[in-house]
Every structure is written in C-alpha cells, then in structure tokens.
Amino acid sequence: MAVGVRTGRGGGGSVFSSALRNFFSYRIFVSAMFTLLFLATASILFSSHHAHFSENSKMQTTGRAYMHRTFLTLKSDPLKTRLELIHKQASDYIVLVNAYAAYARKFKLEISKQLKMFEDLAQNFSDLGMKPAYHDALFETDGPLDEEVLRQFEKEVKDKVKVARLMIAETKESYDNQLKIQKLKDTVFAVQELLIKAKKNGAFASLIAAKSTPKSLHCLDMRLMGEQIASPEKYRDEEPKPEFEDPSLYHYAIFSDNVIAVSVVVNSAVKNAEEPWKHVFHIVTDKMNLAAMKVWFKMRPVEGGAFVEVKAVEEYTFLNSSYVPVLRQLESANMQKLYFKNEPENTTKDANNNLTFRNPNYMSLLNHLRFYLPEIYPKLHRILLLDDDVVVQKDLTALWKLDMDGKVNGAVETCFGSFHRYAQYLNFSHPLIRDKFNPKACAWAFGMNIFDLDAWRRERLTDRYHYWQDLNEDQTLWQLGTLPPGLITFYSRTKSLDKKWHVLGLGYNPSISMDDISNAAVIHFNGNMKPWLDIAMNQFKHLWTKYVDSEMEFVQMCNFGL
C-alpha cells in the first residue's frame with residue numbers, strides 16, 4: 001500500500017512535470033515565432049532600404065520575395081536564416097560598390113579602370129542570385145534548402161565581398177582625397193563670393209569717404225572763416241599786383257575748394273623752385289570757400305617772395321549758362337534727374353574700373369574751368385595747370401621754356417599696351433566719335449599740363465570744346481569727368497612729355513615704384529585714397545604731409561592726424 005501511494009505520488013508529479021514542460025515548450029515556441037517575425041520584418045525593412053539605392057537589382061527583388069514568403073510561412077529553417085544573412089551582406093556590398101561608382105562619376109572618372117571594375121562587380125553581385133542553380137534551389141523553393149548549394153552560394157558571395165573590400169581599400173584614399181578637394185573647391189568658391197561682396201562694400205565705403213568732406217577739413221574752413229569774421233580789417237582785399245599779369249613770370253592755375261590741399265601744392269612748388277620770386281599762383285575757388293582760402297594765405301604767406309592770387313569763380317561773370325554748356329545742361333530736367341536722383345542707374349565705373357557715382361561735381365564749373373584758361377588769363381602766353389591732389393618735388397621752370405612743336409597741350413601719356421586708349425573713354429559705337437577719332441590713340445593725363453595759350457586762342461579750342469559738350473547733352477558720347485572732353489578738345493594737339501614730369505596713381509595703386517616716385521617732378525594722388533583722408537595709403541602719405549604747414553594753429557586744432 002505504501003508502495004502504491006508512493007507510486008501514485010510519483011505518477012502525479014510526472015504528469016505535473018510533463019504539463020509544465022509542455023507549457024514552457026509552448027512559451028519557447030511562441031517566443032521563437034515572434035523572434036522569427038521580428039527578423040523577417042527587419043529583413044524586409046533592410047531590403048526595402050537597399051532597394052531605394054538599386055531598384056533595378058534583380059538579386060534584391062528576388063531576396064524581397066523570399067523574405068516575404070518567409071514572413072508568411074513563419075518557418076524557422078536555420079538554413080534560410082543563414083541565406084538571409086548572406087543575401088543581406090551581398091545587398092550591402094551592392095549599395096557600397098554603387099556608391100563608389102557614383103563617386104567615380106562625380107569626379108569625372110567615367111573612363112577610369114576603377115569605375116569599370118565597380119560597375120562589373122555590382123552587376124556580378126546582382127547576377128549571382130539569378131543563376132538557375134541558386135535561383136531555383138534557394139529562392140524559388142518552398143521546401144527545405146539544399147545545404148550544399150547554399151554553401152556554394154555563400155562561398156561565391158564571400159569571394160566577391162573579398163574582391164570588393166580589396167578594391168575599396170585601394171581606392172578609398174583616392175576618393176577621400178577627391179572629396180576633400182571638392183570640399184576645398186566649394187569652400188574656395190564660397191570665400192570668393194564673400195570676397196567679391198566685401199570688395200563691393202569696401203569700394204562703396206571708400207567712395208563715400210572720398211566724396212565726403214572730412215571733419216578735419218570742415219573744421220579748418222570754419223576756423224578760417226571765423227578768423228575773418230573776428231578780424232575783418234586784417235583780411236581786406238588788396239589791389240591786384242602787376243605780377244599777376246606779367247607774362248615773363250611762371251604762372252600756375254589751381255582750381256579747388258580744398259584749403260589744405262591747395263596750400264600743399266603751393267608750398268611744395270615754392271620750396272622746390274630755384275627762383276621762387278618768379279612764380280605766380282592763380283587760385284580759383286567757389287564763393288563758399290573764398291574767405292577761408294584768402295585768410296589762409298594771409299595768415300601763412302608763401303616763402304621766397306612768390307605771389308598768390310585768390311579769386312572766386314563767380315567773379316568771372318562771362319562764365320554763365322548762355323555761354324558755358326555744362327551750366328546750361330545742369331539747368332535741364334533730364335540732367336538734374338541723372339545727377340541728383342538716388343537711383344541704381346546713377347552708379348557707374350570710372351576709367352580705372354572703380355565704382356563711382358554721377359556726382360554733380362563732375363559737371364561743376366570749377367571742374368570745367370580749365371577749358372577757359374585763355375579767357376581767364378588773357379595777357380598770359382603760357383600757364384601750368386596743377387590739380388589740388390599733386391605734390392611738386394622739383395623745379396618746374398623748364399616747362400615754360402619747352403618747345404611745344406606748335407602743340408597746345410603738354411602732358412604725360414598714360415597708355416601702355418591696350419590700356420588707356422581713346423576707346424576706353426569715348427563711345428566709339430556712336431558714328432560722331434567713330435568718324436572723328438582713332439580708338440587706339442594714346443590718352444594722356446590731366447593734373448599737370450603746360451598750355452600754350454596763344455596757340456589755344458589761334459585754334460579756337462574753347463569753341464571746339466563747346467561744340468562737343470553740346471553734342472553730349474544726353475551723355476551718349478562719353479560719361480563723367482573732364483578727361484573725355486579734354487581728349488577730344490586737344491586731339492592731335494597734345495605734345496607728349498617725359499614720364500618723369502608726372503607720375504600718377506598714388507591714390508589707388510600701391511605698386512608704384514619708389515624709384516619712379518623719387519625721380520618724378522610731380523606726383524599725383526589721383527584716385528579715391530587722397531592723402532588728406534583716413535583711407536590714404538600709408539606708404540605714400542608722408543610724401544604729402546611733409547609739405548603741410550603743421551605749425552599753423554588751426555591745423556593743430558582740427559586734428560588732421562599728421
């Protein structure tokens with residue numbers, strides 16, 4: 001009985017254990033099914049991702065069909081799992097090989113050996129799954145897989161993977177370098193775009209600085225006018241001196257509204273003159289700056305006995321709109337719109353390709369006064385025109401004794417190669433210009449010009465200037481400045497001077513040779529970077545500042561930064 005009881009207990013325990021094992025077997029089976037479901041879903045997602053890169057890959061299409069069947073049947077055949085892994089590895093390398101082939105095309109290596117190898121390898125991977133031996137036995141069967149066929153398929157895939165790895169290892173560094181080069185090119189391009197933008201902004205800011213009156217210069221004008229108001233008896237006008245009309249002396253014409261600039265021109269010419277008492281300076285300014293200009297030369301008389309005459313342009317009453325074309329043109333509605341309207345079309349470029357504006361100063365009478373020298377100084381035979389942004393470094397008296405060969409204007413030519421020819425300043429598409437002038441004729445510089453006034457009067461060149469200025473009222477023959485009408489007026493009537501007389505470009509060209517500068521009789525700060533501005537080029541500025549009267553009290557008070 002006792003044995004029977006023990007046996008009954010043992011039998012009951014065995015049934016319970018069997019039930020427990022069946023329960024856990026069921027749990028394991030369910031877990032296995034969910035695991036297989038997860039793997040099948042992940043495989044479909046991977047296959048779909050790779051199919052995005054190679055939609056035409058037959059092997060991937062076959063693989064997706066196989067994974068789909070696996071998902072539906074929920075079979076846990078370990079050979080099929082192994083096949084899935086082999087298929088995924090092959091698919092990954094197809095994507096990788098195609099990516100390197102795409103790089104090869106991007107870097108324009110279509111004819112290279114590497115590109116052909118990559119394309120062939122990608123095709124081989126795709127064709128491998130379509131071989132009848134593998135396609136039927138591995139991908140199109142619903143029964144168990146042939147392990148021998150699977151092993152052979154795996155071997156071929158691994159061989160191709162090995163080849164792909166070797167090819168990638170050999171070319172990776174090259175493609176990485178190509179990628180770096182491309183990135184550098186993109187960076188260089190972006191920096192160049194920023195540089196172009198910065199240059200435009202810089203040119204615009206420089207233009208504003210060049211065309212604006214600096215605070216120091218405004219201060220100086222105010223101080224000088226204040227001095228005249230405070231002590232009017234000290235600055236009364238004197239009778240004209242006979243030397244002002246003496247043709248045996250050396251006469252200069254300076255037309256400017258800049259007090260400090262004019263003082264440097266006069267001071268530098270006098271200090272370098274061998275006989276300064278024979279030099280006469282005719283300064284013409286506008287009415288607003290007349291008092292300041294007169295007070296300066298009263299307070300700081302020039303050395304060596306040189307003579308200075310200061311007059312306002314308004315004193316020459318014959319220069320009115322009925323006689324002077326530029327004054328008449330400025331009264332027209334079209335010209336006022338062109339010069340005074342703040343519109344994009346009012347920007348342009350000068351002869352040096354620098355951004356500029358149609359500034360009304362280009363049409364001011366003070367700027368065009370140089371075309372009326374014979375009438376302003378009727379008793380003189382020769383006169384030397386100097387711009388207010390020049391510095392005289394040597395005695396200039398030889399210019400008054402120069403044989404002009406019957407020419408009217410003596411000037412330094414500025415052309416070299418194809419640059420600074422008439423074609424750059426005049427509109428040769430216009431028949432009036434094309435028929436009268438040679439586009440290859442050499443241009444010359446305003447700024448230091450010796451004029452034979454007798455020859456000028458004889459050839460009636462002021463009338464010639466008026467004729468062409470009237471024709472250019474619509475700005476179709478030339479644009480901006482006084483040089484284009486000067487080139488027309490003195491065409492074939494200009495004598496070329498030695499370049500040592502006049503060196504230009506100190507206001508825009510930092511590459512001028514210091515030897516050329518030191519040998520020059522006159523140096524010219526033409527350009528936007530005037531020496532009295534903060535934007536002046538430091539390597540040249542001292543050539544100007546050494547002639548500034550820095551001991552003058554108002555110069556010190558106005559902080560010229562010398």
Side-chain angles (χ1 to χ4, degrees), residues 237-256 259-285 293-294 296-311 315 369-370 372-405 407-412 446-457 495 497-498 500-503 519-524 543-544 546-549 552:
D237 291 338
E238 300 177 354
E239 292 295 322
K241 293 182 171 61
E243 289 81 4
F244 294 165
E245 297 181 339
D246 186 351
S248 66
L249 301 179
Y250 307 120
H251 293 264
Y252 301 79
I254 307 170
F255 307 138
S256 173
V259 177
I260 195 74
V262 170
S263 71
V264 168
V265 176
V266 174
N267 193 28
S268 63
V270 169
K271 285 191 174 183
N272 289 287
E274 295 178 0
E275 299 174 311
W277 59 89
K278 292 185 178 181
H279 294 256
V280 182
F281 297 89
H282 302 272
I283 300 167
V284 181
T285 187
M293 200 76 74
K294 286 186 172 182
W296 175 279
F297 286 104
K298 281 276 190 176
M299 293 182 67
R300 312 299 291 181
V302 294
E303 301 174 357
F307 302 92
V308 176
E309 177 191 39
V310 180
K311 299 186 76 172
E315 296 180 45
L369 209 59
R370 63 194 66 198
Y372 300 95
L373 288 169
E375 295 160 283
I376 296 173
Y377 308 107
K379 295 185 178 181
L380 300 182
H381 303 307
R382 286 194 182 187
I383 196 166
L384 182 65
L385 175 70
L386 293 178
D387 280 355
D388 63 0
D389 54 354
V390 306
V391 171
V392 179
Q393 300 188 129
K394 296 183 180 180
D395 183 73
L396 302 178
T397 54
L399 290 171
W400 280 268
K401 304 169 185 176
L402 183 70
D403 183 1
M404 296 284 286
D405 299 325
K407 305 294 186 181
V408 177
N409 172 32
V412 169
F446 264 141
M448 192 221 70
N449 305 79
I450 185 71
F451 290 106
D452 185 333
L453 300 182
D454 292 333
W456 188 324
R457 298 182 188 102
K495 178 180 176 64
L497 302 180
D498 190 290
K500 290 183 179 180
W501 281 111
H502 187 190
V503 170
N519 292 329
V522 173
I523 55 175
H524 196 166
L543 301 169
W544 182 84
K546 70 179 181 179
Y547 291 108
V548 174
D549 189 353
M552 203 273 189

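Atoms considered below: every heavy atom in the structure, side chains included; atoms not considered: hydrogens, waters and symmetry mates. One is the number of the first residue; the rest follow in order along the sequence. As the structure is a prediction and not an experimental result, all values here were calculated from the model.
Partners of Trp456 according to the ring pair (Phe, Tyr, Trp, His ring centres under 6.0 Å) rule, which considers only residues two or more places apart in sequence or in another chain, are Phe451, Phe490. Under the ring pair (Phe, Tyr, Trp, His ring centres under 6.0 Å) criterion, His282 pairs with His251, Tyr377, not counting sequence neighbours. Residues meeting the ring pair (Phe, Tyr, Trp, His ring centres under 6.0 Å) test with Phe244, sequence neighbours left out: none. For the side chain to side chain contact (heavy atoms under 4.5 Å, CB included) test, residues two or more places apart in sequence or in another chain that qualify with Arg300 are Trp296, Asp549, Glu551, Met552. Under the rule for a salt bridge (Lys or Arg N to Asp or Glu O under 4.0 Å), the partners of Asp387 that lie at least two apart in sequence or sit in another chain are Arg370. Qualifying salt bridge (Lys or Arg N to Asp or Glu O under 4.0 Å) partners for Asp498, counting only residues two or more places apart in sequence or in other chains: none. With sequence neighbours left out, the ring pair (Phe, Tyr, Trp, His ring centres under 6.0 Å) criterion links Phe281 to Tyr252. Applying the salt bridge (Lys or Arg N to Asp or Glu O under 4.0 Å) criterion to Lys298, with sequence neighbours excluded, gives Glu238. Applying the salt bridge (Lys or Arg N to Asp or Glu O under 4.0 Å) rule to Lys495 yields the partners Asp405; only residues at least two apart in sequence or on another chain are considered. For Thr285, the side chain to side chain contact (heavy atoms under 4.5 Å, CB included) criterion is met by Asp257, Asn289, Leu290, Met293, not counting sequence neighbours.
For residues 372-383, every residue pair satisfying the salt bridge (Lys or Arg N to Asp or Glu O under 4.0 Å) rule, not counting sequence neighbours, is listed here: Glu245-Lys379. Here salt bridge (Lys or Arg N to Asp or Glu O under 4.0 Å) pairs that include residues 273-282, with residues two or more places apart or in two chains, are Glu275-Lys278.
A side-chain contact (heavy atoms from CB on, under 4.5 Å) with Ser268 holds for exactly one of Val391, Leu543, Val548, Leu386; it is Val391.
At a cut-off of 3.5 Å, with distance as the only test, a side-chain donor of Asn272 or Tyr547 sits close to an acceptor on the other residue.
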